[in-house]
Amino acid sequence: MTDKPGLRRDLARRRRDHVAAIPGAQLGLLFRRPPGALVSLVPPGSVISIYHEMPGEAPACHYGRWFFEQGHHIALPWFADRAAPMAFREWTNPFIEDLLERDPFKAMQPAADAPLLEPQVAFVPLLGFTAEGARIGYGGGHYDRWLADHPATLRIGLAWDCQLVDELPLERHDMMLNAVVTPTRLYGPL
């Protein structure tokens, strides 16, 4: 069995160092719009979940704004508390950060009275991925559990190129991605 906590620490360090080396002006230009080949996979009118990026994560909010302008409803993960299962609530306008509040993990989420939504497309955060669509997250299993309960959901990872690895230790509950987008490449559809 691979040391998953050690692997996560190494991947987080690698990502942090990579992002720190990107000039600020260039960083602001990355992940502004999803590639056309990816857009063609997204059903018209579908609900799209993104994540509100934490420091170092590939920015998903730009994609949320782009899809919102195309007429899609945008959802963010929502947690009642640290032990609660992940749900998704609508971010009614992804251009307005004031509509969000801190979740139990210190990420941003919609308020508890925002409408619950069921995404057909999920942009998923990650620490590492393979070219075949394997993913390692932060270890909480929130996305794996939610995706297992919603197998028809299109699962897309957003990542920096440095997060690509040759292989990952997979367990039965780990959900594969349908595609991964980096600043230089689209892996998939897988």
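Only heavy atoms go into these numbers, but all of them, side chains included; no hydrogens, no water, no symmetry mates.
Contact record, G128 with L168: O-CD1, 3.8 Å, taken as the closest heavy-atom pair. Of all non-hydrogen atoms in Y63 and P35, the two that sit nearest each other are OH-CD, 3.6 Å. The two residues A131 and L190 make their nearest non-hydrogen contact at O-CD2, 3.5 Å. Across every non-hydrogen atom of L117 and I74, the tightest pair is CD1-O, 4.2 Å. The two residues H52 and L100 make their nearest non-hydrogen contact at CD2-CD1, 3.5 Å. Minimum heavy-atom separation, A179 to L38: CB-CD1, 4.4 Å.
Annotation: H142 is in aromatic contact with F105 [ring centroid separation under 6.0 Å]. In summary, the aromatic rings of F31 and W66 are positioned with their centroids too far apart to meet the 6.0 Å limit.
Of the possible polar contacts, one joining the R89 side chain to the A112 backbone as a donor-acceptor pair under 3.5 Å is found. Under the 3.5 Å distance criterion, the side-chain polar atoms of Q120 are matched with a main-chain donor or acceptor of E118. Judged by distance alone, with hydrogens and angles left aside, the side-chain atoms of E90 form no donor-acceptor pair with the main-chain N or O of A114 at under 3.5 Å. In this structure a side-chain-to-backbone donor-acceptor pair under 3.5 Å is missing from W78 to L116. No side-chain donor-acceptor contact under 3.5 Å links D149 to the backbone of W146. Side-chain atoms of R15 do not come within 3.5 Å of backbone N or O of A58 as any donor-acceptor pair. Between the N178 side chain and the R155 main chain, a donor and an acceptor come within less than 3.5 Å of each other. Proximity of a side-chain donor or acceptor of Q163 to a complementary backbone N or O of L126 within less than 3.5 Å is detected. Without hydrogens or angle criteria, R8 side chain to G137 main chain gives a donor-acceptor distance under 3.5 Å.
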Item to check | D103/M86 under side-chain contact (heavy atoms from CB on, under 4.5 Å): CA gap, chis, key distance, verdict | outcome: CA-CA 11 Å; D103 75 7; M86 182 172 69; over 6 Å; no

Next on the checklist: Please evaluate residues R14 and D10 with respect to the criterion salt bridge (charged side-chain N to carboxylate O under 4.0 Å, His left out), reporting the C-alpha separation (whole Å), side-chain torsions for both, the decisive distance (0.1 Å), and the verdict.
Outcome noted: CA-CA 6 Å; R14 185 189 315 184; D10 180 56; 3.6 Å; yes

Next on the checklist: Before you tell me yes or no, could you show the steps for R102 and M108 under side-chain contact (heavy atoms from CB on, under 4.5 Å), namely the whole-Å CA-CA distance, both residues' side-chain angles and the distance that decides it to 0.1 Å?
Outcome noted: CA-CA 5 Å; R102 292 272 173 211; M108 300 303 287; 3.5 Å; yes

Next on the checklist: What verdict does the side-chain contact (heavy atoms from CB on, under 4.5 Å) test give for L127 and Y138, after you've listed the backbone C-alpha separation in whole Å, the side-chain angles of each residue and the deciding distance to 0.1 Å?
Outcome noted: CA-CA 7 Å; L127 284 169; Y138 297 96; 3.6 Å; yes

Next on the checklist: Applying side-chain contact (heavy atoms from CB on, under 4.5 Å) to E167 and E132, what does each step give before you reach the verdict?
Outcome noted: CA-CA 9 Å; E167 61 183 354; E132 296 77 33; over 6 Å; no

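A 6.0 Å sphere centred on NE2 of H73 holds no more than 12 heavy atoms belonging to other residues, nucleotides or ligands.
Put simply, L154 and M175 are part of the same group of oily side chains (I, L, V, M, F, W, Y) that touch within less than 4.5 Å, one to the next. The hydrophobic clustering, which links ILVMFWY residues whose side-chain heavy atoms are closer than 4.5 Å, places W91 and M54 apart. Under a hydrophobic-cluster definition in which Ile, Leu, Val, Met, Phe, Trp and Tyr are linked whenever side-chain heavy atoms come within less than 4.5 Å, directly or via other members, V19 and Y51 are assigned to the same cluster. Under a hydrophobic clustering in which Ile, Leu, Val, Met, Phe, Trp and Tyr are joined whenever their side-chain heavy atoms come within less than 4.5 Å, directly or via other members, V165 and F129 fall into different clusters. Hydrophobic clustering, with ILVMFWY side chains joined whenever heavy atoms are under 4.5 angstrom apart, groups L164 together with V181.
Ring geometry, H72 versus F67: the interplanar angle exceeds 60°, so the pair is classed perpendicular (tilted spans 30 to 60°).
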